There are 2 protein chains.
Amino acid sequence: MPQTDDQIAATFAPHDHRECAHRVLDEAAERLADQGARLTPVRRRTLEILLESHRALGAYEVLDRLAAEGFGRQPPVAYRALEFLVQHGLAHRLQRLNAFAACLHPGHDHHPAFLICRSCHKVAEAAAAPVREALTHVAGQGGFRVERVTIEALGLCATCAAEDAPDSTA
Amino acid sequence: MPQTDDQIAATFAPHDHRECAHRVLDEAAERLADQGARLTPVRRRTLEILLESHRALGAYEVLDRLAAEGFGRQPPVAYRALEFLVQHGLAHRLQRLNAFAACLHPGHDHHPAFLICRSCHKVAEAAAAPVREALTHVAGQGGFRVERVTIEALGLCATCAAEDAPDSTA
DNA sequence: ACCCGGATGTAATAAAGTAACGCCTTGGCG
DNA sequence: CGCCAAGGCGTTACTTTATTACATCCGGGT
């Protein structure tokens, strides 16, 4: 399971973000070593940039950051690093946003459902298994074999909902 | 329910396509009249173009067709017509493809799940309700309120699967 | 006739993504 | 060590997708 209920809430709640970034980065390096893939400086930095927030960043946003730090300033620099991260399950691409977000649960379910808050723009990963199962079932009845799914929800996270209407929570 | 199992199969199976196109177009005109919206020539023609196949078309693909028929040849012409159709539930936007497809079941479930065949590229609509429900449930446990959902599956339709391996069906 | 809003059309530009090529590093091997 | 092959990085140039801004036109109401 990619993400428990508490973890969804934790994504949106204020927290010491350095800690989760660090944890993920460590796991990432380890996993890549196992696969014989190289976490080069650009790639590592790209992942760090994504990890600095729970938001999804556009490729050009990432590119600007990389360029400012001495890496190449042409689009392929960012796209290659991002593609590498996605392929190795360290980042996800959000179709609705044309943007990328670090995977916070590498190694678990590599095709989670995404919860995108329209207010704070943070992105959480939710367990996609039950959702995918429902879809696979519906599709299968029509003879369609599902191979890959995109599940993205736009809505309001608990933290933002509480801010919008601080006393209407109960 | 936007689409029964038989209807999913029907989308991918060979069939007289003029018939389903015609039916949808008639319904569309009627529905728009109710809403006080105008199905102008560009809009109508755009819908017809989308209805000519079960595939999703890129905005520029539609634009080329429109331009060839005497309509404007600048991007906003196509984007405006497509946006109108989407807003009135007569077409859908497919995020994965950056493309648009006619809605074959206007008036039912306006946010269906999409089944995209990677072989024939046709797109079917499937009932999203159970899928959305599963997602809403998972998200709700984390305090996230789902508002809009994107569900798109990439896979192989029954017709293409049968062609790939004609005798492995049983 | 006049005005108004919506629908069209245009040019221009932004944003997102890809192709093609050369150089440099890394790591294996004689 | 010297050599080579593969992969990574950087560049230029380009394609595809989408939007902004503004002029014009058409239809309905007064």
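In what follows, every chain begins at residue 1, and chains take the letters A, B, ... in the order their sequences are listed. Please read all numbers here as calculations on a predicted model, not as lab measurements.
Along DNA chain C, the nucleotide nearest to Val42(B) and the one nearest to Ala99(A) differ in position, and the one closer to the 5' end is contacted by Val42(B). DNA chain C is contacted by both Gln74(B) and Phe100(A); Gln74(B) maps to the nucleotide lying nearer its 5′ end (nearest heavy atom per residue). Both Arg38(B) and Tyr60(B) lie close to DNA chain D; mapped to their nearest nucleotides by heavy-atom distance, the more 5′-ward contact belongs to Tyr60(B).
Regarding contacts with the backbone of dT16(D), every side-chain N or O of Asn98(B) stays at 4.0 angstrom or more from both OP1 and OP2. For the OP1/OP2 pair of dC9(D) and a distance below 4.0 Å, the side-chain nitrogens and oxygens of Arg43(A) include at least one atom meeting the criterion.
Atom pair Arg73(A):CZ and dA13(D):P shows a separation of 16 Å (rounding to whole Å applied). Remark: P of dC14(D) and OH of Tyr79(A) are 18 Å apart, rounded to the nearest angstrom. Taking atom CZ on Arg80(B) and atom C1' on dT20(D), their separation rounds to 11 Å, with Å as the unit. Rounded to whole Å, atom P of dG7(D) lies 18 Å from atom CG of Leu39(A). A straight line from CD of Glu83(A) to P of dG7(D) spans 14 Å, rounded to a whole angstrom. Following rounding to the nearest Å, Leu63(A) (CG) and dC9(D) (C1') show an atom-to-atom distance of 13 Å. Rounding to whole angstrom units, CZ of residue Phe71(A) and P of dT11(D) are separated by 12 Å.
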Without placing hydrogens or testing angles, list every side-chain donor-acceptor pair under 3.5 Å for residues 48-59 of chain A, not counting sequence neighbours.
| unit_1 | atom_1 | unit_2 | atom_2 | d |
| --- | --- | --- | --- | --- |
| Glu48(A) | OE1 | Arg45(A) | NH1 | 2.6 |
| Glu48(A) | OE2 | Arg44(A) | NE | 3.3 |
| Glu52(A) | OE1 | Arg65(A) | NH1 | 3.4 |
| Glu52(A) | OE1 | Arg65(A) | NH2 | 2.8 |
| Glu52(A) | OE2 | Arg45(A) | NH2 | 3.3 |
| Ser53(A) | OG | Arg55(A) | N | 3.0 |
| His54(A) | NE2 | His15(A) | NE2 | 3.0 |
| His54(A) | NE2 | His17(A) | ND1 | 3.2 |

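The same ILVMFWY cluster, assembled from side-chain heavy atoms under 4.5 Å apart, contains both Val42(B) and Tyr79(B). Hydrophobic clustering (ILVMFWY, side-chain heavy atoms < 4.5 Å, transitive): Leu66(A) and Leu39(A) are in one cluster.
In terms of the side-chain contact (heavy atoms from CB on, under 4.5 Å) criterion, residue partners of Gln87(B) (sequence neighbours excluded) are, by chain and number, Glu83(B).
A salt bridge does not link Arg31(A) with Glu27(A): every distance from a Lys NZ or Arg NE/NH1/NH2 to an Asp or Glu carboxylate oxygen is 4.0 Å or more.
The two residues Ala128(B) and Ile151(B) make their nearest non-hydrogen contact at CB-CD1, 4.4 Å.
Note on Arg44(A): nothing from the nucleic acid sits closer than 4.0 angstrom, heavy atoms only.
Considering CZ of Arg145(B) and SG of Cys117(A), their distance stands at 10.0 Å, rounded to 0.5 Å.
Protein chain B contacts DNA chain C from dA7(C) to dA11(C), reading 5' to 3' and using non-hydrogen atoms of the protein with a distance under 4.0 Å.
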